[in-house]
Engineer: 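Just dropping this structure here.
Residues: numbered from 1 along the sequence shown.
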Amino acid sequence: MKTILLLSAKEVREGLRNRWVIAATGLLAALALTLVFLGSAPAGTVGASALDVVVISLASLTIFVVPLIALLISHDAIVGEIERGTMTLLLSYPVRRRQVLLGKFLGHLAILAFATCVGYGLAALALVATDMGIGGQSWTAFAMMTASSVLLGAVFVAIGYLVSALARDRGTAAGIAIGIWLVFVVIYDMALLGILVADQGHHVSGGALNALLLFNPTDAYRILNLSGSTEIAAASGMAGSVQSVALAPAALIAALVAWVAGPMALAALAFSRREL
């Protein structure tokens, strides 16, 4: 365990040196604060609190930004060090490949968690400073959104590690990572919507729809944050859609955890078989 923590600390130091921590934190904070000051204006017209509207806006933002940041910091974690020759040096010490993989993963996850919590935390402080009388249920939804955003980031860090363990060079890894981001964030939902419109409810049952949603971690994240509060679902205009999806929060969280464990297990297998 000590070795894993040392490797994690090494990744955090490298993230600080490469300005990844500062850049990711600054980006998320800037976008979150912008949504706080510009996105809470319609709260009175939709009957939701300012924080409910911010949770909806930040959840939508997270789906696009956090997976991209996660893939950018993780896609060359393995192949990049192999190309630079530092992986051979690292493995010359008494350390196992799985320890290297897990240590690097925890380090990158720490960077992403810090950026997310600080960035979104500044948005929460801005709302507190405005003294809008926000209720406890809204703060619970905000805490759930922040925690699940870190979990979504962990999913795409794990996917990035799988790409890095399989790719033969950094350029290929970068291209695959961007392609994966486009598929999960943009193309998958467009294709699913097209299927549902064409099907008109004849063949795609509710159970099949639930399964299709769980195949995309961003959809699981979206439903998790919309189903946590009736007010949030109503304010987002998706109350009917959320009610039609029979997925409990526990099942959605379990799906996201599986999306972390599965790619990491495959990455460990690919890395163990890879020649340096």
Engineer: Any side-chain heavy atom of Met145 sitting closer than 4.5 Å to one from Tyr120?
Structural biologist: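 SC-SC contact between Met145 and Tyr120 confirmed.
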Engineer: Under 3.5 Å, side chain of Arg170 to main-chain N/O of Val79, donor-acceptor pair present?
Structural biologist: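 Not confirmed, Arg170 side chain does not pair with Val79 backbone.
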Engineer: Report yes or no: does Trp139 contribute a side-chain atom to a donor-acceptor pair with the main-chain N or O of Ala124 at less than 3.5 Å?
Structural biologist: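 Not a single qualifying donor-acceptor pair exists.
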Engineer: Can you name the nearest heavy-atom pair linking Gly107 to Val12, along with the distance?
Structural biologist: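 In terms of heavy atoms, the two residues are closest at O-CG2, 3.7 Å.
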Engineer: Report whether Ile63 and Leu61 are members of the same hydrophobic cluster (ILVMFWY, side-chain heavy atoms less than 4.5 Å apart, transitive linking).
Structural biologist: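 Shared cluster, yes.
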Engineer: Where is the tightest heavy-atom contact between Pro263 and Leu162, given as atom of each residue plus distance?
Structural biologist: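 Between these two residues, the closest heavy atoms are O-CB, 3.9 Å.
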Engineer: Distance check, rounded to the nearest 0.5 Å: Arg168 atom CZ versus Ile82 atom CD1?
Structural biologist: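 Taking CZ in Arg168 and CD1 in Ile82, the distance rounds to 8.0 Å.
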Engineer: Check whether Val100 and Tyr93 end up in the same hydrophobic cluster, where Ile, Leu, Val, Met, Phe, Trp and Tyr are linked by side-chain heavy atoms less than 4.5 Å apart.
Structural biologist: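 Yes; Tyr93 is reachable from Val100 via cluster members.
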Engineer: Taking Trp259 as the starting point, is it possible to reach Met144 by hopping between hydrophobic residues whose side chains are less than 4.5 Å apart?
Structural biologist: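 Yes, Met144 connects to Trp259 through the hydrophobic network.
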Engineer: Is there a path of hydrophobic side-chain contacts, each under 4.5 Å between heavy atoms, that joins Val186 and Leu193?
Structural biologist: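 No, because Val186 and Leu193 fall into different hydrophobic clusters, even though each may have its own neighbours under 4.5 Å.
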Engineer: Please check: side-chain N/O of Trp181 versus main-chain N/O of Phe64, any donor-acceptor pairing under 3.5 Å?
Structural biologist: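 Flag set: sc Trp181 to bb Phe64 pair under 3.5 Å.
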Engineer: Could you go step by step and tell me if Val150 and Leu112 meet the side-chain contact (heavy atoms from CB on, under 4.5 Å) rule?
Structural biologist: CA-CA 7 Å; Val150 175; Leu112 195 60; over 6 Å; no
Engineer: Count the heavy atoms of every other residue, nucleotide or ligand shown that sit under 6.0 Å from CZ of Arg97, and state whether that count exceeds 12.
Structural biologist: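 Yes, enclosed.
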Engineer: Determine whether the aromatic ring centres of residues Tyr161 and His75 are separated by less than 6.0 angstrom.
Structural biologist: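 Centroid distance His75-Tyr161: not below 6.0 Å, so no.
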Engineer: Any side-chain heavy-atom pair from Val66 and Phe156 closer than 4.5 angstrom?
Structural biologist: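 Sidechains of Phe156 and Val66: no contact.
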Engineer: Angle between ring planes, Phe184 versus Tyr188, binned at 30° and 60°: parallel, tilted or perpendicular?
Structural biologist: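 The rings of Phe184 and Tyr188 sit tilted, inter-plane angle from 30° to 60°.
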Engineer: Just by modelled atom types, is the Ala113 backbone N or O under 3.5 Å from a matching donor or acceptor in the Thr116 side chain?
Structural biologist: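 Not confirmed, Thr116 side chain does not pair with Ala113 backbone.
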Engineer: Would you say the side chain of Val95 lies within less than 4.5 Å of the side chain of Leu7, judging by non-hydrogen atoms?
Structural biologist: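 Answer yes - side chains close enough.
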Engineer: Would you compute the distance between atom CD1 of Ile78 and atom CG of Leu101 and round it to the nearest 0.5 angstrom?
Structural biologist: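 Separation between the atoms: 5.0 Å.
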Engineer: Working to the nearest 0.5 Å, report the span between CD of Glu11 and CG of Leu6.
Structural biologist: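 The distance works out to 12.5 Å.
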Engineer: Do you know the tightest heavy-atom contact between Ala167 and Ala173?
Structural biologist: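 Nearest heavy atoms, Ala167 then Ala173: CB-CB, 3.7 Å.
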Engineer: Would you call Glu81 and Lys10 a salt bridge, taking side-chain N to carboxylate O under 4.0 Å as the test?
Structural biologist: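 Counted as a salt bridge, because a side-chain N and a carboxylate O are separated by less than 4.0 Å.
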Engineer: Which pair of heavy atoms, one from Leu109 and one from Ala154, lies closest together, and at what distance?
Structural biologist: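 Scanning both residues completely, I find the closest heavy atoms to be CD1-CB, 3.6 Å.
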Engineer: Please round to the nearest 0.5 Å and tell me the distance separating atom CG of Leu102 and atom CG of Leu5.
Structural biologist: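 That separation rounds to 9.0 Å.
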Engineer: Would you find a donor on one side and an acceptor on the other, under 3.5 Å apart, between the side chain of Ser164 and the backbone of Ala77?
Structural biologist: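 Looks like yes, one N/O pair under 3.5 Å.
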Engineer: Testing Leu71, Leu72, Val65 for side chain to side chain contact (heavy atoms under 4.5 Å, CB included) with Leu68, which one passes?
Structural biologist: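 Checked Leu71, Leu72, Val65 against Leu68; only one passes side chain to side chain contact (heavy atoms under 4.5 Å, CB included): Leu72.
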Engineer: Give, for atom CD1 of Ile22 and atom CZ of Arg19, the distance between the pair rounded to the nearest 0.5 Å.
Structural biologist: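 Result: 5.5 Å between the selected atoms.
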Engineer: Count I, L, V, M, F, W, Y as connected when their side-chain heavy atoms are under 4.5 Å apart, and connections chain through other members. Are Leu269 and Phe105 then in the same cluster?
Structural biologist: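 No, Leu269 and Phe105 fall in different hydrophobic clusters.
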Engineer: How far does CG of Leu89 sit from CE of Met87, to the nearest 0.5 angstrom?
Structural biologist: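 Result: 10.5 Å between the selected atoms.
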Engineer: Got a sec: does the CZ of Arg84 have more than 12 other heavy atoms crowding it under 6.0 Å?
Structural biologist: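 Correct, the count exceeds 12.
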Engineer: Of the non-hydrogen atoms in Ser148 and Asn225, which two are nearest, and what is the gap between them?
Structural biologist: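 For Ser148 versus Asn225, the nearest heavy atoms are OG-ND2, 3.1 Å.
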Engineer: Among Asn216, Asp189, Leu213, which one satisfies side chain to side chain contact (heavy atoms under 4.5 Å, CB included) with Arg222?
Structural biologist: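 Exactly one option meets the side chain to side chain contact (heavy atoms under 4.5 Å, CB included) with Arg222, and it is Asp189.
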Engineer: Taking all atoms of both residues into account, what is the closest heavy-atom pair of Val55 and Phe142, and its distance?
Structural biologist: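 Taking Val55 first and Phe142 second, the nearest heavy atoms are CG2-CA, 3.8 Å.
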